[in-house]
Amino acid sequence: MIRQYIYEQVVAALDKLGYSHEREITVEVPNYTEFGDFSTNAAMILSKENKTAPKVMAEKLVQELKKQKNFKKVEIAGPGFVNFVVAPSQYYELLWQIHKEELEFGKSDFGKEEKVMLEFVSANPTGPLNIVSARAAAFGDTLCRVMKWVGFDPIKEFYINDAGNQVDILAESVELRLREIHGEKMEEFPYEAYHGEYVKHLAQKLNSQEGVRIFMMPEKERMEHLKDYALNEIHLMQQNSLEKFGVVFDSWVSEKTLRMEGVVEEVLSYLAEADCTYEKEDAIWFCSTKFGDDKDRVLMKSDGSITYFVPDLAYHLTKLQRGFTKLIDVFGPDHHGYVPRLKAAFKALKYDDTMLEIIFLQQVNLFVSEERIKMSKRAGNIVTMDDLLNVVSKDAARYFFIARKANAHLNFDLDLAVKKNNENPVYYCQYAYARICSILKKAKKDKVLPKTWHKEHISKLTKPEELALIKKMTELPDLLTGIAEQREPYRLTVFVEELAGMFHRYYSKIQIVNEKHKELSEARLLLINSIKDVLAISFELMGISAPEKM
RNA sequence: GCGCCAGUAGCUCAGUAGGAUAGAGCAUUAGCCUUCUAAGCUGAGGGUCAGGGGUUCGAAUCCCUUCUGGCGUGCCA
């Protein structure tokens, strides 16, 4: 908010003084308060192109900018920085603005209603969601919330890979467990089959519903039946886990349905028309190397079946047909080899491949009492999203998952997440909110909470901590557009921790309600009420609760 | 081998327009509740920003290179 203003003032001053400004200059918050509220490097960046010494330029800028009433101080420092101290009156204006916007603060039309497709989780429908899916869910959902807040038009979609041989294996696994229930002995459960307990549960449930009738069906029909049953059950299971986690998808797209609509054939013909396919060793290949991939890819295997890639590409094309101009895929760490071929296909079919953007989430390492838990799908000892949520609150889990950059490994310390004390950053932040609520409640009870707020009393806020808190809150709009643009939700947790910390320190240092100073008390109550709103907005965007009592 | 990602305090991590003296939490350690919630606050110690070159007024940040770790490199999905 203020930064943009200062930037404009600097540019105006440069123009007035006849300096050129080809190179980008910056206005930023210095690391040290003695350098003021904001600082610009304009003189140093532009000295070369204007053939003027930085200090001389800086001095002229200072003279020019000093004329502004909104600055309390403008001074030259170091090798040519121009530092600004913003007049308190400016902060009072801003606080009043934040106060009036309440829970709408930070909203903007930055995204210009751009239609964005966020695809994430998209786990195989062959088992419960695991921890990486949980990370993806928290990440994608938070990003979507922020993008919506700043004016994009995003939707969340889950792509169900309910076709292909993994699903066949699932059906076979259920059948084996069914046979087991009926007393059939088998030497050993096959290595490739799904070993998880949930398969047994599926079999039991099906058995209690349909019993031996299943085995009367012809083999082929039975397998189809088992497949449909298992897929549906698992889909509901996954959907349920996600909902418990606060993640509700706008749309679910089934690969099987897509295939039935004939998109596979369509894509194959498109690629053939573009002259990008050839036959070799009884298979059909896509010459993706012509478009930047490091090897060509098989589209149709020698047994006549299709590879995963084809329907997936078709799926991506349907996103474009549905009018989305930005396709964001959130992938797990083991898929990055897959990107060049998708991009290659976009190029081959003359689509703009920059519309396709892929974000990689790195793996999640789960730690329990400082031991890393090793998970193996085969052994069936995967820690599922439900397991996690049975132990850790939704708030803590979501917070931990978004608190790291996407492309960094995430160490999830289960002991820490479970803790409800000062070590756990979620509670640190929520506690600030609860404290404010408590103060406001008490103020209301003591009849010191004003029925209508008076703007003129804000000027009673003169403590550096108070101005710093206002300044911090004004960062929110820029922060949110930055998060949306860079796809980096984790920055929200950094912001919230900073704001909560500033509040905690302020609280322990300064008495907010003081009956002897009514107007000052009112101003401080207004201040913390706005902090409360800003925290509430942040929590809402992270999908965690804002507890009024803790 | 090749490709992608990462390497900042004992641990987990910030440091997003290349800025001034490198920041926080935990852990260690010394304190603060008869006063709006101690799930809080205050102080102390702790660093060759993996190593080495370069770019420039200025580099944890950009370029090159070496080392270390993770992942990928299927006619699996």
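Phe38(A) carries Lys471(A) over the face of its six-membered ring, with the cationic atom under 6.0 Å from the centre and within 45° of the normal.
Backbone-only engagement by Asn31(A) is indicated by non-hydrogen atom pairs under 4.0 Å involving sugar-phosphate atoms exclusively. Counting non-hydrogen atoms under 4.0 angstrom, Ala77(A) reaches a base of the nucleic acid.
Between Arg23(A) and the phosphate of rA17(B), there is no side-chain N or O to OP1/OP2 separation shorter than 4.0 Å.
Remark: the backbone N or O of Ser108(A) is not paired with any side-chain donor or acceptor of Trp149(A) at under 3.5 angstrom.
When only modelled atom types and interatomic distance are considered, Asn424(A) and Tyr399(A) share no side-chain donor-acceptor pair under 3.5 Å.
Across all strands shown, rC41(B) forms a Watson-Crick or G-U wobble pair with rG31(B), both key distances being under 3.5 Å. Judged by Watson-Crick or G-U wobble contacts below 3.5 Å, the nucleotide rG1(B) has rU73(B) as its partner. Taking a pair to require two hydrogen-bonding distances under 3.5 Å in either a Watson-Crick or a G-U wobble arrangement, rA6(B) pairs with rU68(B).
Looking at Thr307(A), its side chain has no donor and acceptor atom pair within 3.5 Å of the base of rC75(B). The base of rG3(B) does not come close enough to the side chain of Asp294(A) for any donor and acceptor atom to sit less than 3.5 Å apart. Residue Asn41(A) places no side-chain atom within donor-acceptor reach of the base of rA17(B), judged by atom type and a 3.5 Å distance cut-off alone.
Separating the NE2 atom of His336(A) from the C1' atom of rA77(B) is a distance of 16 Å, rounded to the nearest angstrom.
When all heavy atoms of Ala193(A) and His195(A) are compared, the closest pair comes out as O-CD2, 2.9 Å.
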